[in-house]
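One structure is given below, encoded as structure tokens.
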2 protein chains.
Amino acid sequence: MTQVVGKNQERISRRQVDKFAERRAQLAASALQTLSELGYARTSLREIAQNSEFSHGVLHYYFRDKVELITYCVRQYKAECVTRYDQIVITAGSAEELKHGFGAAMAGTLREDATMHRLWYDLRNQALFEESFRDDVLEIDQSLEQMIWRIVSHYAELAGSPAAASPAVAYALFDGLFQQALLRFLTGRDSAPADLQAGVEQLLERLVTPA
Amino acid sequence: MTQVVGKNQERISRRQVDKFAERRAQLAASALQTLSELGYARTSLREIAQNSEFSHGVLHYYFRDKVELITYCVRQYKAECVTRYDQIVITAGSAEELKHGFGAAMAGTLREDATMHRLWYDLRNQALFEESFRDDVLEIDQSLEQMIWRIVSHYAELAGSPAAASPAVAYALFDGLFQQALLRFLTGRDSAPADLQAGVEQLLERLVTPA
DNA sequence: GGCACTTCTTGACAGTCGTCAAGACTTTCT
DNA sequence: AGAAAGTCTTGACGACTGTCAAGAAGTGCC
């Protein structure tokens with residue numbers, strides 16, 4: 001059922017643990033791909049297995065049940081996206097540069113990772129109905145809020161005026177913009193990324209301009 | 001299968017159509033209640049029927065299939081909520097009054113109709129994966145955007161300065177605030193409605209203040 | 001080679017799902 | 001009253017779900 005490590009083979013047990021973790025990550029990647037294509041409601045374990053190179057039974061060798069698999073997926077998703085804009089914060093030398101870099105990065109990930117973002121909103125919503133993922137989802141949401149706040153506060157610093165909103169409000173506003181852009185992008189409106197970039201940059205300006 | 005009306009009984013056919021429509025609405029109400037409790041992914045026709053006073057077979061007498069039922073539900077939901085704030089716009093005599101009325105109304109519906117809002121976001125997200133509800137969802141979303149814009153533009157009028165955002169952006173920002181407040185409210189943060197009211201009022205001010 | 005252990009496949013299970021058809025019950029009209 | 005139309009229940013169907021157990025296939029050690 002769960003992983004069993006050899007009795008007195010300490011040398012290789014480390015290697016086996018690594019292989020075990022690697023395969024978990026590999027299967028989680030297949031699961032994430034399937035989830036992002038079909039959504040939570042329509043994703044079954046057999047479908048996930050078909051998107052991998054294994055059969056459906058193997059999922060229960062690496063994950064206790066469906067909940068543990070999806071929880072693991074959510075955590076893996078988080079690791080990828082929580083530091084998405086940090087490089088921009090580090091390298092930006094001016095407020096203008098940061099603003100354009102952030103706007104372009106938002107527009108870029110909208111274009112490139114649209115289905116993954118769609119999945120994120122799907123799972124965040126599931127957490128409103130189901131207790132299971134709630135803690136992980138809330139933790140990711142908080143990390144995203146902090147990521148946004150690193151942008152806003154650094155921009156305020158570069159611009160020389162204090163930020164005029166709390167981290168929570170700033171995150172909510174950018175998230176609203178992004179979610180609407182995602183809806184439009186996925187329903188075929190090609191101008192969505194450019195519109196998002198403009199909206200994001202305008203919002204960033206206004207968030208550090210005193211009323 | 002579908003409704004069959006008597007041959008030459010024009011007098012009563014009208015009454016039968018009404019009864020038919022009434023029962024559809026009644027069943028849709030049961031469906032909406034079930035959906036708001038369980039979410040789209042976990043709602044089955046049998047569960048819906050158990051939340052009504054009928055057996056599961058009757059759903060296929062009044063609705064062709066599950067998609068038509070949920071589509072009908074979405075439309076019924078729309079009719080209820082699209083004019084939610086219009087009374088406030090009409091009766092508000094000053095910018096201040098409109099601002100407080102709107103903030104209080106948002107906080108109030110967050111408290112009262114939280115599970116319905118949760119369902120709305122769930123269904124809007126389903127539309128990103130499924131083609132079926134997409135048109136209806138987009139139509140509702142547009143109506144909500146217009147509803148928000150009636151608030152913003154009227155507030156700008158009362159305040160004497162032009163609105164500094166497009167209808168789409170304004171809607172996205174308020175929606176972001178509301179969605180975050182919903183997440184917090186449903187996860188037990190009691191201050192969510194008050195925080196939402198404050199955030200909404202602040203945003204409304206800033207949306208009509210020139211940069 | 002034989003052995004211990006890990007990894008993966010296969011097939012089955014109990015349950016649920018949407019759908020539908022047959023028929024019973026109810027209402028309405030003549 | 002009897003016929004006809006409308007309404008609802010019951011029970012079944014095939015398909016799909018998560019889960020699990022039995023065993024085959026693969027891997028490394030003596």
Side-chain angles (χ1 to χ4, degrees), chain A residues 1-27 30-31 34-35 38-73 126 130 132, chain B residues 1-27 30-31 34-35 38-73 126 130 132:
Chain A
M1 194 161 294
T2 65
Q3 185 196 23
V4 183
V5 183
K7 293 164 186 169
N8 44 8
Q9 311 169 347
E10 305 251 329
R11 264 176 313 163
I12 64 154
S13 83
R14 167 65 65 102
R15 206 168 63 206
Q16 283 175 355
V17 169
D18 288 353
K19 278 192 74 174
F20 192 79
E22 260 180 44
R23 183 117 307 165
R24 272 169 74 96
Q26 179 186 357
L27 289 170
S30 295
T34 309
L35 282 162
L38 301 180
Y40 174 80
R42 253 185 285 287
T43 296
S44 68
L45 294 180
R46 283 172 173 81
E47 194 80 30
I48 292 173
Q50 239 167 355
N51 274 9
S52 78
E53 47 181 337
F54 303 100
S55 64
H56 69 272
V58 83
L59 288 168
H60 279 278
Y61 181 73
Y62 288 99
F63 299 95
R64 185 164 16 92
D65 54 16
K66 196 185 181 184
V67 169
E68 195 196 87
L69 167 59
I70 293 189
T71 299
Y72 186 92
C73 286
Q126 288 306 316
E130 234 179 309
S132 336
Chain B
M1 195 161 292
T2 64
Q3 186 197 22
V4 182
V5 183
K7 293 161 188 171
N8 43 8
Q9 311 168 351
E10 305 251 328
R11 262 177 312 160
I12 63 150
S13 84
R14 168 65 66 101
R15 203 166 67 205
Q16 282 174 356
V17 168
D18 288 351
K19 277 192 75 176
F20 192 79
E22 259 180 46
R23 183 117 306 166
R24 272 169 73 97
Q26 178 186 358
L27 289 170
S30 295
T34 310
L35 283 162
L38 301 180
Y40 175 79
R42 256 187 286 286
T43 296
S44 68
L45 295 180
R46 283 171 172 82
E47 194 80 31
I48 292 173
Q50 240 168 353
N51 274 7
S52 77
E53 47 180 336
F54 303 101
S55 65
H56 69 274
V58 83
L59 288 169
H60 280 278
Y61 181 74
Y62 288 99
F63 299 95
R64 184 164 15 93
D65 53 18
K66 196 186 181 183
V67 169
E68 194 194 89
L69 167 59
I70 293 188
T71 299
Y72 185 92
C73 286
Q126 289 305 316
E130 234 179 311
S132 337

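Values below: all heavy atoms of this structure, side chains included; hydrogens, waters and symmetry mates excluded. Residue numbering restarts at 1 for every chain, and letters A, B, ... go by the order of the sequence lines.
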query = What's the OH-P distance between B:Y61 and C:dA24, to the nearest Å?
reply = 18 Å

message = Check the orientation of A:Y62 and A:F20. Use parallel for under 30°, tilted for 30 to 60°, and perpendicular for over 60°.
response = tilted

Protein-nucleotide distance (B:E53, atom CD; D:dT7, atom P), rounded to Å = 15 Å

inquiry  = Please check this pair: side chain of B:D65 against backbone of B:E68, looking for a donor-acceptor N/O pair closer than 3.5 Å.
reply    = yes

Options D:dT9, D:dT19, C:dT7, nucleotide nearest the side-chain atoms of B:V58 = D:dT9

note = note: A:E130, atom CD; D:dG18, atom P; distance rounded to Å ~ 12 Å

remark   = A:L59 atom CG is separated from D:dG18 atom P, nearest whole Å, by 10 Å

key: Sub-4.5 Å side-chain heavy-atom contact between B:L69 and B:L45   = yes

key: Rounded distance (Å) that lies between atom C1' of C:dG18 and atom CD1 of B:I70   = 12 Å

query = Rounded to the Å, how far apart are B:L27 CG and D:dT7 C1'?
reply = 12 Å

query = Looking at residues at least two apart in the chain, or sitting in another chain, which of them share a ring pair (Phe, Tyr, Trp, His ring centres under 6.0 Å) with B:F54?
reply = none

request  = Using atom CZ of B:F54 as one end and atom P of D:dT10 as the other, report the distance to the nearest whole Å.
outcome  = 13 Å

ask   = Taking the side chain of A:H56 as heavy atoms from C-beta outward, which of D:dT9, C:dA12, C:dT9 is closest to it?
value = C:dA12

key: side-chain contact (heavy atoms from CB on, under 4.5 Å) against A:S55, all qualifying residues, sequence neighbours excluded   = none

request  = Output the distance between atom CZ (B:F63) and atom SG (B:C73), rounded to the nearest 0.5 Å.
outcome  = 6.5 Å

request  = Specify the separation, in whole Å, of atom CD of B:Q50 and atom P of D:dT10.
outcome  = 12 Å

Could you go over nucleotides 13-17 of chain C and give all protein N or O partners under 3.5 Å, atom names and distances?
unit_1: C:dC17; atom_1: OP1; unit_2: B:S44; atom_2: OG; d: 3.1

